[in-house]
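As a basis for the values below, the full set of heavy atoms in this structure was taken, side chains included, without hydrogen atoms, waters or symmetry mates.
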Amino acid sequence: VIPAAMGLGPFPNLACALLAYAVFSSTLVITCLFPVVGFMVLEFGTTDDPANAGYYTGFLASAFMIGRTATAFLWGLAADRWGKRRVLILGLLGQAFGCFWLGLATNYTLAVVCRVVTGVLAPVIPVAKALIPLLTTKDQEHRGMSVVIGMWGFGLIVGPAFGGLLAYPCRFAPEVFSGIWCERPFLLPFFLVGVLNLTGVVAVLAMKPAHSQGETVVREVARKPEADTEPGRGVSVEKVLIGKPSSAGPDAVADPSVSEENMLIGKEDGGIPGRVISGDAIVQPETKR
């Protein structure tokens, strides 16, 4: 997604809603396990003593975060290199695979390995946060972040209910479920969460770029000139030419080093005041006296 923050426009309701849905489906992967993890330990026959189930339960519940912590930094690098939307899609596909695998697990060791691998393939939430400034303008970032993070909180509520209500389907709806649904009593909730993650892929694919490929993006920023170098001038408005998107990814711009911090104004371009060339960015002020 090309940064909408580079220009002025209405709040991107559809794009933020689609991103929030992807975050919601990703959150269910984490929380759906919690209400049934103790029953899974006993169902797998890991221990005959329910008093010892807590030890195995805690390790299985934390296995997801072990995998996620180990690869979070690498996913950040991958998102910068190949594009955040591509990483989101890969993460949602990986989480869907992990949910299907966990629902079909037949022993405790396999379940732990499955959760670790699912955590390794789970970059969705941090990458979605990083994508917000690229979908919104500067003064809209707080609103976009609240929508996405709010959906994370909603997933924390829905996920445990999802897992607890849908486990053991042959007990509450024997006329509907039979066969593998009875042999794998935890398959139904994890299967549905996996399907939701696949629909999250569709949501991310439906996020339209704010600008077409190769289109120039302009951003207006305000600057207060230095009193000693520009006496008598008031606040000026500068149009910053960011440049064309590069081929690094659908959410990348030509020069990622150009940011608000290095958009400096001064005599750095052949002694011409107020004009700076930094990579693909050219800053030219429009002064008001």
Membership question, hydrophobic clusters at under 4.5 Å side-chain separation (ILVMFWY): are Met207 and Val202 in the same one? no
Any sub-3.5 Å donor-acceptor pair from Tyr108's side-chain atoms to Tyr56's backbone N or O? yes
Quick one: CG on Leu42 to CG on Asn52, what's the gap to the nearest 0.5 Å? 10.5 Å
Any side-chain to backbone donor/acceptor pair from Thr27 onto Val23? Under 3.5 Å, distance only. yes
In terms of ring plane angle, is the pair Phe177 and Trp181 parallel, tilted or perpendicular, where the classes change at 30° and 60°? perpendicular
Is it the case that one hydrophobic cluster holds both Val195 and Trp101, taking links as side-chain heavy atoms less than 4.5 Å apart, direct or via other members? yes
Can you tell me how far apart CH2 (Trp152) and CD1 (Ile157) are? Round to the nearest 0.5 Å. 12.0 Å
Strictly under 2.5 Å separating the two SG atoms? Check that for Cys170 and Cys182, please. yes
Between Pro123 and Val87, what is the shortest heavy-atom contact and its length? CG-CG1, 3.6 Å
Do the side chain of Thr199 and the main chain of Leu196 share a donor and acceptor less than 3.5 angstrom apart? yes
Between the CG atom in Leu156 and the CD1 atom in Ile30, the distance rounded to the nearest 0.5 Å is 7.5 Å
Is there a donor-acceptor contact under 3.5 Å from the side chain of Thr69 to the main chain of Ile66? no
Applying the 4.5 Å side-chain criterion to the ILVMFWY set and letting contacts propagate, would Val158 and Leu165 be lumped into a single cluster? no
Run the numbers on Thr137 and Asp139 for side-chain hydrogen bond (donor to acceptor under 3.5 Å, both in side chains), then give the verdict. CA-CA 6 Å; Thr137 60; Asp139 60 344; 2.6 Å; yes
Between Phe191 and Phe100, is the gap from one ring center to the other below 6.0 Å? yes
Going by the side-chain contact (heavy atoms from CB on, under 4.5 Å) test, name the single residue among Val148, Asn13, Ile132 that passes it with Arg143. Asn13
Between CG of Asn197 and OG1 of Thr118, what distance do you get to the nearest 0.5 Å? 10.0 Å
Side chain Thr46, main chain Val41, donor-acceptor under 3.5 Å: yes
Do Leu205 and Val127 sit in one hydrophobic cluster, given that two such residues count as connected whenever their side-chain heavy atoms are within less than 4.5 Å of each other, even indirectly? yes
Might you point out which heavy atoms bring Cys32 and Val193 nearest each other, and give the distance in Å? SG-CG2, 3.9 Å
May I ask whether Leu19 and Leu198 are part of the same hydrophobic cluster, defined by side-chain heavy atoms of I, L, V, M, F, W, Y residues being less than 4.5 angstrom apart, directly or through others? yes
Could you state the interatomic distance from OH (Tyr55) to OG1 (Thr47), rounded to the nearest 0.5 Å? 11.5 Å
